[in-house]
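Chain letters run A, B, ... following the sequence lines, proteins first and then strands; every chain starts at 1.
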Protein chains: 2
Amino acid sequence: MKKPDAQEVGTLIASECLSVRVRRLGRVITRIYDAALAPHGVSAAQLNLLAAIAVGDGARPGDLTRLLEVEKSTLSRDLKRMEQLGWIRSEAALPRGGRIVTLTPAGARLLTDVRPAWEKAQARARAELGEKPFAQLRAALPSPLKAR
Amino acid sequence: MKKPDAQEVGTLIASECLSVRVRRLGRVITRIYDAALAPHGVSAAQLNLLAAIAVGDGARPGDLTRLLEVEKSTLSRDLKRMEQLGWIRSEAALPRGGRIVTLTPAGARLLTDVRPAWEKAQARARAELGEKPFAQLRAALPSPLKAR
DNA sequence: TGCCTGGGGTTGTATGTACAACTATCCCCC
DNA sequence: GGGGGATAGTTGTACATACAACCCCAGGCA
């Protein structure tokens, strides 16, 4: 028999831990967007990245890591995949081997094509969460664009 | 030049998309908990799972997939790893090849040992987010225990 | 001049995650 | 008593993610 202590700690964490809730939400939300976007052959993560690149019509990888709070090694591989898919292009341009990433025409087309599916996912997420939690969440989480 | 359209859609998604915000938050939060828990050799995801198992002092995998909203194949592999680490045990017990997963003494000890580090992470997350967003988030997201 | 430092990027390795396909069981019902 | 369907789990494959360890190059500085 385990010490009853472990059960208490387990209950505490299961009910109070922020990472439990946030990670669970992430799985649910990601599934919704992935399902809606699947017909276009793009994932939620990839669409996030495409959008971030489109905003400035070209971005430096360092900006993207800060904007999306993603590790540089992760970004490196994600960009490589998207480059192989023909959605983006990366041009060596700056001093220290720095680069600039831009959308290809195919990437730009994908982004506009996908918009209805994205709106469907957004609506679906709102419905699943409920109107009120959706709004609370919106209020609690800063838009990455505002964030810096 | 891309059509300006793509830039508009990109900006719309970057600023309005729920998955962008939630996934970004997930990365930030996961990093905080992982860092705090690292000295104990346990990840945020593993602690979440350990806690869920501890709550009922034993659970069926099917319950865990619903509680954590995780795919059964994901759960299968995560449990396998934790079993190899000696934290849990899984006993064949029920009808349709069903099993019951319980903490080992080592798993129970880990859970209690890790509590201070978890509290540190929780405090750190609150500080990073700010008092108000933290509370809003708490209110918007149901505790998985309540959820069903 | 030659070294150190720091920014920018990739690669090795491991985990977390999902979907699809497959296997194994049990249970109901004709 | 033999399907058929529902339930439970594993395995193949691919992507998202992170940390650590590297490599490259530009500038400062002794």
- Separation of C:dG7 P from A:D63 CG (nearest whole Å): 15 Å

- Task: Let me know the distance between CD of A:Q46 and C1' of C:dT17, rounded to the nearest Å.
- Result: 14 Å

- Could you pick out which residue, A:A44 or B:A35, lies toward the 5' side of DNA chain D when each is mapped onto its nearest nucleotide? A:A44

- Message: Test your reading of the model: is there a side-chain donor-acceptor pair from A:T65 to the backbone of A:E71, 3.5 Å cut-off?
- Response: no

- Can you tell which of D:dT11, C:dG12, C:dA18 lies closest to the side chain of B:K80? D:dT11

- Note on the structure: Against the side chain of B:R23, the closest entry in C:dA18, D:dT17, C:dG9 is D:dT17

- Donor-acceptor pair, B:R27 side chain versus A:L68 backbone, under 3.5 Å? yes

- Task: Take the protein atom CZ of B:R77 and the nucleotide atom P of D:dA8, then report the distance between them rounded to whole Å.
- Result: 19 Å

- Would you mind checking if A:R31 and A:D34 are paired as a salt bridge, meaning a charged N to carboxylate O distance below 4.0 Å? no

- Query: So which one's nearest nucleotide on DNA chain D is more toward 5', B:V28 or B:E71?
  - Reply: B:E71

- Could you check B:D78 against A:S76 and say which one's nearest nucleotide on DNA chain C is further toward the 5' end? A:S76

- From the candidates D:dA16, C:dT10, D:dA18, the one with an atom nearest any side-chain atom of A:S43 is D:dA16

- With no hydrogens and no angle check, is any side-chain donor or acceptor of B:Q122 less than 3.5 Å from a backbone partner on A:L18? yes

- Message: From the set C:dA18, D:dT17, D:dT10, return the single nucleotide nearest to any side-chain atom of A:T74.
- Response: D:dT17

- Send over the distance from B:R99 CZ to D:dG9 P, rounded to a whole Å. 6 Å

- Query: In terms of side-chain heavy atoms of A:S73, which of C:dG16, C:dT11, D:dA16 is nearest?
  - Reply: C:dT11

- Return the value, rounded to whole Å, for the distance between atom CZ of A:R27 and atom P of C:dA18. 6 Å

- Query: Which nucleotide, D:dT10, D:dC19, C:dG16, lies nearest any side-chain atom of B:R31?
  - Reply: D:dC19

- Note on the structure: Regarding the side chain of B:A45, the nearest nucleotide among D:dA16, D:dC19, C:dG16 is C:dG16

- Item | Between C1' of D:dA8 and CZ of B:R66, the distance in whole Å | 11 Å

- Is the side chain of A:T11 donor-acceptor paired with the backbone N or O of A:Q7 at a distance under 3.5 Å, no angle test? yes

- Query: What's the NZ-C1' distance between B:K72 and C:dG16, to the nearest Å?
  - Reply: 18 Å

- Between D:dA16 and A:R81, is there an OP1 or OP2 to side-chain N/O distance shorter than 4.0 Å? yes

- Item | Distance-only donor-acceptor test, A:R24 side-chain atoms vs C:dG16 base atoms, 3.5 Å | no

- For A:L79 and C:dG8, give me the distance from atom CG to atom C1', rounded to whole Å. 13 Å

